[in-house]
Protein chains: 2
Amino acid sequence: MKNVEFPDPTIERLCCYRRILSALLAAGHARVYSHELAAAQRVTPAQVRRDVMLIGYSGSPVKGYDIAGLLDRIGEILDPPGGVGVVLVGVGYLGRALLAYFAGRKSPIPVVAAFDVAPETSGQLIHGCHCYHIDELSSFLSRRSILVGIVAVPAEAAQKTARELIDGGVRALLNFAPVQLDVPQNVYVENVDIAVSLEKTAFFAQSMSLEKED
Amino acid sequence: MKNVEFPDPTIERLCCYRRILSALLAAGHARVYSHELAAAQRVTPAQVRRDVMLIGYSGSPVKGYDIAGLLDRIGEILDPPGGVGVVLVGVGYLGRALLAYFAGRKSPIPVVAAFDVAPETSGQLIHGCHCYHIDELSSFLSRRSILVGIVAVPAEAAQKTARELIDGGVRALLNFAPVQLDVPQNVYVENVDIAVSLEKTAFFAQSMSLEKED
DNA sequence: ACTATACTGTGATTGTCTTCACAGCGTGAA
DNA sequence: TTCACGCTGTGAAGACAATCACAGTATAGT
């Protein structure tokens with residue numbers, strides 16, 4: 001098995017391609033050209049072709065790519081063979097929003113359980129997801145094979161939460177807390193920092209308004 | 001005035017530096033070395049020094065950087081002179097989570113108003129933010145100078161929302177909807193795509209578990 | 001059968017961001 | 001006053017990703 005790793009930005013684009021391809025397939029299309037896929041994103045046709053090349057798929061000249069086939073191939077790359085279990089820690093406003101978000105769309109990656117310190121959330125079923133007290137996290141992780149943990153707790157609790165998840169066997173974290181998590185090198189952390197995103201947006205709003213109108 | 005633009009990744013790091021510097025200042029520190037700042041993030045000391053150089057600040061050898069001075073300088077870069085107004089569109093689960101998030105921390109960038117299609121949210125005060133019906137958006141924007149819009153509506157409504165915001169004078173969007181917004185070139189869009197983030201995390205969880213333990 | 005066409009596949013190039021490595025310098029000790 | 005130390009500032013090199021540009025090719029039309 002080739003253990004070639006795909007570059008980070010390519011993985012991100014593959015997720016987006018998949019979304020668009022699914023929509024196209026649902027709309028009755030069977031084939032797509034690189035420039036069509038590119039137009040739906042903010043990328044160049046050459047970028048699309050290179051990504052497709054990277055994952056080892058081929059289209060035909062003249063007719064473009066077969067949507068169903070390309071979708072399958074992307075799925076082979078992105079979707080883990082046995083499926084990944086995902087747990088959510090932190091059922092505050094953000095945690096609930098995430099549960100609603102993932103419950104709404106029939107996601108390929110369902111959240112199997114949620115945990116929180118607040119006793120009143122224990123036993124609740126929120127947006128279709130069972131909630132437990134945080135104390136039950138370790139035993140839950142030891143019983144199920146969970147590879148991904150979503151950290152949606154306040155900043156102060158984030159590091160402790162991360163450690164518990166990692167000790168339980170989780171290999172990657174999706175971190176919404178505004179802190180840099182200290183994790184072993186064999187654990188992947190994807191940070192989603194809303195405050196930083198907003199500050200960045202505000203900065204570019206400012207610099208945009210200085211530029212020429214187009 | 002030098003209109004030199006800073007690279008995107010630098011802006012992101014500046015936001016993080018600021019957060020760390022504030023914490024250090026609050027903890028009573030007065031000076032910091034590049035390697036200390038670097039350790040708190042996942043960056044190299046050289047990266048920190050280059051960023052500091054870029055924004056035109058200088059530390060002293062031996063003593064490092066003056067925290068208060070560096071914070072001021074970062075603020076001059078990141079914070080718009082007159083402050084940016086921010087409005088939120090979409091007061092669903094995610095929108096409420098965002099309001100709670102920004103209300104909790106005394107953010108340098110407050111959300112001044114929120115809008116939604118649901119009539120029952122109109123007139124409410126959610127986490128300290130006034131909510132209005134979406135129909136009032138245009139007139140609100142024409143009365144106030146708003147540079148940033150947060151799009152937290154369902155995917156189907158996102159493009160329409162974006163257009164209304166841009167027509168109202170907004171120059172940058174923070175987009176949580178899982179679609180690529182079609183905007184003029186002089187409008188900046190920062191996408192926060194939670195579904196993509198989770199899929200990406202799941203992918204790397206998988207590839208991490210194939211690698212050597214450290 | 002032949003030709004024109006418009007696409008894909010990809011080596012080469014460009015551009016951008018990160019890292020290296022060392023000169024320069026201010027401080028504190030002798 | 002002199003020296004040694006450990007930091008900063010930065011030109012140069014390196015790594016990486018995006019783009020260009022064109023050869024190769026399958027199809028449709030004549």
Side-chain angles (χ1 to χ4, degrees), chain A residues 4-17 20-21 24 29-71 73-74 77 180 196 200 203-204 207, chain B residues 2 4-17 21 24 29-71 73-74 77 180 185 191 196 200 203-204 207:
Chain A
V4 197
E5 270 326 307
F6 300 95
D8 198 288
T10 295
I11 294 299
E12 222 156 298
R13 282 192 300 268
L14 287 178
C15 297
C16 298
Y17 296 155
I20 293 164
L21 291 170
L24 285 173
H29 294 76
R31 310 197 132 262
V32 70
Y33 296 119
S34 64
H35 63 260
E36 294 174 311
L37 252 186
Q41 307 282 329
R42 288 293 195 105
V43 293
T44 61
Q47 182 77 75
V48 172
R49 293 203 299 275
R50 186 154 302 273
D51 286 335
V52 171
M53 191 186 94
L54 250 177
I55 64 172
Y57 192 76
S58 289
S60 88
V62 185
K63 297 212 299 183
Y65 301 103
D66 178 67
I67 293 181
L70 184 51
L71 265 175
R73 182 67 192 132
I74 293 177
I77 304 289
Q180 192 66 33
V196 166
K200 200 174 137 194
F203 172 81
F204 284 109
S207 67
Chain B
K2 276 210 306 178
V4 197
E5 270 326 307
F6 301 95
D8 198 287
T10 295
I11 295 299
E12 222 157 299
R13 282 192 300 268
L14 287 178
C15 296
C16 298
Y17 295 154
L21 290 171
L24 285 173
H29 294 77
R31 310 197 131 262
V32 69
Y33 296 119
S34 65
H35 64 261
E36 295 174 312
L37 251 185
Q41 308 281 328
R42 288 292 197 105
V43 292
T44 60
Q47 183 77 76
V48 172
R49 293 203 299 276
R50 183 147 311 265
D51 287 334
V52 171
M53 190 186 94
L54 251 177
I55 63 172
Y57 192 75
S58 289
S60 89
V62 184
K63 299 211 299 182
Y65 301 103
D66 178 67
I67 292 181
L70 185 49
L71 265 175
R73 182 67 191 132
I74 292 176
I77 303 290
Q180 192 65 33
Q185 286 190 335
N191 289 301
V196 167
K200 200 173 138 195
F203 171 81
F204 284 110
S207 67

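All chains are named by letter (A, B, ...) in the order of the sequence lines, taking the proteins before the strands, and each is independently numbered beginning at 1.
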TODO: Provide the closest heavy-atom pair for B/Y33 versus B/V62 in the form atom of the first, atom of the second, distance.
DONE: OH-O, 2.8 Å
TODO: Give the nucleotide from the list C/dC7, C/dT19, C/dG9 with an atom nearest to the side chain of A/R49.
DONE: C/dG9
- [ ] Would you tell me if any nitrogen or oxygen in the side chain of A/Q47 comes within less than 4.0 Å of OP1 or OP2 on D/dT19?
- [x] yes
- [ ] Name the nucleic acid region contacted by A/S58, choosing base, sugar-phosphate or nothing; use a 4.0 angstrom heavy-atom cut-off, strictly under.
- [x] sugar-phosphate
Open item on the list: Nearest to the B/P61 side chain among D/dT8, D/dA26, C/dT10, which nucleotide is it?
Closed with: D/dT8
TODO: Return the value, rounded to whole Å, for the distance between atom NE2 of B/H35 and atom P of C/dT19.
DONE: 17 Å
Task: B/Y65, nearest nucleotide to its side chain (from D/dT19, D/dG9, C/dA6) - done: D/dG9
TODO: Taking only the side-chain nitrogens and oxygens of B/T44, find out if one of them lies under 4.0 Å from OP1 or OP2 of C/dT19.
DONE: yes
Open item on the list: I want to verify a distance call: between C/dT10, C/dT27, C/dT8, whose nearest atom is closest to the A/M53 side chain?
Closed with: C/dT10
Task: Nearest-nucleotide pick for A/V62, side chain only, options being D/dT10, C/dT8, D/dA26 - done: D/dA26
- [ ] Report the residue (B/K63 or B/P9) whose heavy-atom-nearest nucleotide on DNA chain C is the more 5′ of the two.
- [x] B/P9
Open item on the list: Counting C-beta onward and ignoring hydrogens, is there a side-chain heavy-atom pair between B/I55 and B/D51 closer than 4.5 Å?
Closed with: no
- [ ] Would you state whether a donor and an acceptor, one from the side chain of B/R50 and one from the base of C/dT18, lie under 3.5 Å apart?
- [x] no
TODO: Return no unless some side-chain N or O of A/S60 is found under 4.0 Å from OP1 or OP2 of C/dT8.
DONE: no
- [ ] Identify whether any heavy atom of B/R31 sits under 4.0 Å from a base atom; if not, whether one sits that close to sugar-phosphate; answer base, sugar-phosphate or nothing.
- [x] nothing
Task: Distance test, side-chain N/O of B/R13 to OP1/OP2 of C/dT18, below 4.0 Å - done: yes
